[in-house]
Amino acid sequence: MPAVTIPEAVRRCRWIALDIGAGAFSLFVVSPSVERTGLVPCFDSDYPRVAPATKFISGASSEELIRHARTSTLPCWWASDTASASAATLAALDWVAQIAPPVPESSGVAFPVYADRNQFGFVVFSGTNISLTGERLANVHARCFSLFAAVTRIRADDSGTTPSISKRELECLKLTANGLTSDEIASRLKLSVHTANQYLTNTTQKLNAVNRMHAVAKALRLGLIE
């Protein structure tokens, strides 16, 4: 699959979600930061906004998913309501691991995905009526791999040139990737909250991103932050 734009990637992920009866989806890349490894959302079904469930997964709930991806390539599933259609479908699948729900009161399946330069992440689908057979599982996982590989090749602009971003702007973006809020970034760097927000706004605009998380994902792919 050739490199795609984020809106095109969102459409392709939505097609997969529709195929399996999922009500929502999200794609994450794992931040390689040695300070705090975490899931950074690239987009979700609320694009260009970020859904509350996506923020929840990228927070403390990301740890079990990341541990799973480091030790297994198997998809993993969860279901808060064991009587739901999703729970019955997913529990019957072979080669799928069960995990604790990363989002309260939800059901879903997460596909670990890997790309060049040791990049990895997850494509996550959730909903109460997921329909997925063992025969289709491998095909869906392959589509997720292909989508993730394409997303990781996205560059900040069509020219392929790296935008000029100041050291301070990159520091703020890196701390965002590590899960810090604007208030925490300002405190860490001894800045005003207004100034920290302005640095992040500048970086988001320079990377042609729709929000901070999108800017983080682009910066990670470009090697601007680690």
Side-chain angles (χ1 to χ4, degrees), residues 9-31 36-114 120-145 147-148 151 177-179 181 211 213-214 216-217:
V10 172
R11 284 194 294 272
R12 295 182 186 191
C13 204
R14 183 168 285 114
W15 293 340
I16 301 174
L18 289 172
D19 284 347
I20 66 174
F25 60 84
S26 49
L27 187 148
F28 300 85
V29 62
V30 175
S31 165
R36 182 184 181 277
T37 301
L39 288 175
V40 179
C42 295
F43 61 77
D44 62 25
S45 44
D46 278 9
Y47 177 85
R49 297 178 298 276
V50 179
T54 299
K55 296 177 181 178
F56 204 101
I57 293 174
S58 64
S61 297
S62 67
E63 295 179 4
E64 183 174 1
L65 283 169
I66 293 171
R67 284 197 300 269
H68 176 84
R70 292 191 188 280
T71 59
S72 174
T73 59
L74 295 180
C76 50
W77 72 276
W78 67 93
S80 299
D81 180 3
T82 57
S84 69
S86 291
T89 295
L90 298 171
L93 294 173
D94 293 325
W95 307 107
V96 179
Q98 185 176 8
I99 62 171
V103 181
E105 304 302 320
S106 69
S107 300
V109 57
F111 292 89
V113 283
Y114 307 85
F120 68 102
F122 281 92
V123 183
V124 177
F125 301 96
S126 60
T128 57
N129 292 295
I130 293 174
S131 176
L132 193 58
T133 64
E135 290 75 14
R136 297 181 62 199
L137 183 69
N139 175 264
V140 172
H141 204 168
R143 291 168 69 185
C144 291
F145 261 98
L147 178 63
F148 185 72
V151 169
N178 290 336
T181 65
N211 53 41
M213 290 304 188
H214 188 195
V216 166

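Put simply, the side chain of His141 never gets that close to the backbone of Val113: no donor and acceptor are under 3.5 Å apart. Between the side chain of Ser126 and the backbone N or O of Ser107, no donor-acceptor pair lies under 3.5 Å. Looking only at distances, no side-chain donor or acceptor of Asp44 sits under 3.5 Å from a matching main-chain atom of Thr54. Using modelled atom types, one side-chain atom of His68 and one backbone atom of Leu74 make a donor-acceptor pair closer than 3.5 Å. Side-chain atoms of Ser106 never come within 3.5 Å of backbone atoms of Pro102 as a donor-acceptor pair (strictly under, hydrogens ignored). Side-chain atoms of Thr89 never come within 3.5 Å of backbone atoms of Ser131 as a donor-acceptor pair (strictly under, hydrogens ignored). For the pair Ser72 (side chain) and Ala69 (backbone), a donor-acceptor distance under 3.5 Å is absent. Of the possible donor and acceptor atoms, none in the side chain of Ser80 sits under 3.5 Å from a partner among the backbone N and O of Pro104.
Rounded to the nearest 0.5 angstrom, Glu64 CD and Ile66 CD1 are separated by 11.0 Å.
Under the 4.5 Å side-chain criterion, counting only non-hydrogen atoms from C-beta, Phe122 is not in contact with Cys144. In this structure the side chain of Pro112 never reaches within 4.5 angstrom of the side chain of Thr73, judged on heavy atoms. Looking at Phe28 and Ile57, their side chains come closer than 4.5 Å, going by heavy atoms from C-beta outward. At a threshold of 4.5 Å between non-hydrogen side-chain atoms, the residues Val151 and Leu27 count as touching. Considering only heavy atoms from C-beta on, Phe125 comes within 4.5 Å of Phe111 through its side chain.
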Could you walk me through whether Asp19 and Arg143 pass salt bridge (charged side-chain N to carboxylate O under 4.0 Å, His left out), step by step? CA-CA 12 Å; Asp19 284 347; Arg143 291 168 69 185; 2.9 Å; yes
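Using the six-membered ring where Trp is involved, Phe43 and Phe25 have ring planes that are perpendicular, over 60° apart on the 30 and 60° scheme.
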